[in-house]
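In what follows, chains carry the letters A, B, and so on, assigned in the order in which the sequence lines appear, proteins first and then strands, with residues in each chain numbered from 1. All figures in this text were calculated on a predicted structure; none of them were measured in a lab.
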There are 2 protein chains.
Amino acid sequence: MKTEQAMASFAALSQPTRLAAFKLLVRHEPEGLPAGEIATLLDIPHNTLSAHLSVLARAELVLSQRQSRSIIYRANLDAIQAVIQFLVNDCCVADSVTCTPLESTRSFCQPQQKKPENL
Amino acid sequence: MKTEQAMASFAALSQPTRLAAFKLLVRHEPEGLPAGEIATLLDIPHNTLSAHLSVLARAELVLSQRQSRSIIYRANLDAIQAVIQFLVNDCCVADSVTCTPLESTRSFCQPQQKKPENL
DNA sequence: TTGATATGTCCATATTATTGGAAATATAGA
DNA sequence: TCTATATTTCCAATAATATGGACATATCAA
């Protein structure tokens, strides 16, 4: 993962509404949630949420797909896994520190059930 | 780890100079580096760095200790480990996702040699 | 006590982020 | 087509953050 993308992810997750939205979407994997329902559940105006979702999307932490009139947002678990790997490999590896090899971080977030094909 | 502290950590790491400073300190574990040397190595004014180090310190990502005229900064590996755990447990755990249990993340950043007593 | 060194604090400026009203765009159904 | 619904974009006000010059504080050595 590039440093720029890691920083974009950190910036995205450093804002309360965005962190709440992301966690909400993680809890609603793999179906996702329409933007309007996220706004309702978090009790914030739809246009404010839209701005926050676009920040999350730019950081690639969420994916979206239009479904009829709604736009369904989903957490990008691969991306958050990459952020975790970045922290382990780029921020956590000191001369005097043993880290588990890169491969073993891959086991962190493995979907149990197949993701739907339509995203 | 509290959500507030996790967000403070994300905010701290989302700024290029601060991320560079933190990574530099990780690479210089466990001796740490004086503030002035960090400023020199990153080529930024000492007062600008001082402001950034105080953000990292407020997020508890770095620890400091005065040593004569210098103030030695060190990366707080326990804190970055806690951030990783936060991501795994709070952001990565969806209904359909298996994560390795909390304990196994502890093995990530284990110092090989004893830390010096004076911090 | 004086001078040099190391770092932090104060402050003003510049930049970026957040917020939400109003209008625009996209879709669906009658 | 017209209307309702879902979401985004535009825009302007406000708030937060970043930057670095000037000054303050802390330490040491002579």
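Contact annotation: R18(A) side-chain N/O to dT18(C) OP1/OP2 distance is under 4.0 Å. For dA17(C), the OP1/OP2 oxygens have no side-chain nitrogen or oxygen of H52(A) closer than 4.0 Å. Considering only side-chain N and O atoms, S50(B) lies nowhere under 4.0 angstrom from the phosphate OP1 or OP2 of dT7(C). Applying the 4.0 Å criterion to OP1 and OP2 of dA6(D), one finds that S70(A) has every side-chain N and O outside that range. In this model, the phosphate group of dA6(C) is not approached by any side-chain N or O of Y73(B) to a distance below 4.0 Å at OP1 or OP2. Between Q15(B) and the phosphate of dA17(C), there is no side-chain N or O to OP1/OP2 separation shorter than 4.0 Å. Contact check, T48(B) against dT19(D): no side-chain N or O comes under 4.0 Å of OP1 or OP2.
Remark: P of dT7(D) and CZ of R66(A) are 8 Å apart, rounded to the nearest angstrom. F10(A) places its CZ atom 18 Å from the P atom of dT17(D), with the value rounded to the nearest Å. Here dT27(D) presents its P atom at 11 Å from CZ of R69(B), a figure rounded to the nearest Å. Regarding N47(B), its CG atom lies at a distance of 18 Å from the P atom of dA26(D), rounded to whole Å. If you take CG of L42(A) and C1' of dT7(D), they are 16 Å apart, rounded to a whole angstrom. In this structure, the CD1 atom of I71(A) is 11 Å from the P atom of dA26(C), given to the nearest Å. The interatomic distance linking Q65(A) (CD) with dT8(D) (P) rounds to 14 Å, in whole Å. The separation between L49(B) atom CG and dA6(C) atom C1' is 12 Å, rounded to whole Å.
In terms of polar N and O atoms assigned as donor or acceptor, the side chain of H46(A) comes within less than 3.5 Å of the base of dT8(D) in a complementary pairing.
The only option from L56(B), L61(B), V55(B), V62(B) that meets the side chain to side chain contact (heavy atoms under 4.5 Å, CB included) definition with R58(B) turns out to be V55(B). In summary, of the residues considered (E29(B), E60(B), E31(B)), a salt bridge (charged side-chain N to carboxylate O under 4.0 Å, His left out) with R74(B) occurs for E29(B) alone.
Two residues are said to be in side-chain contact when any heavy atoms from C-beta on lie closer than 4.5 Å; T17(B) and T48(B) fail this criterion. Looking at heavy atoms from C-beta onward, K23(A) lies in side-chain contact with T3(B) at the 4.5 angstrom threshold. Counting only heavy atoms from C-beta outward, the side chains of F10(A) and L87(A) approach each other to under 4.5 Å.
Checked against dG8(C), dC28(D), dT8(D), the side chain of A35(B) finds its nearest nucleotide in dG8(C).
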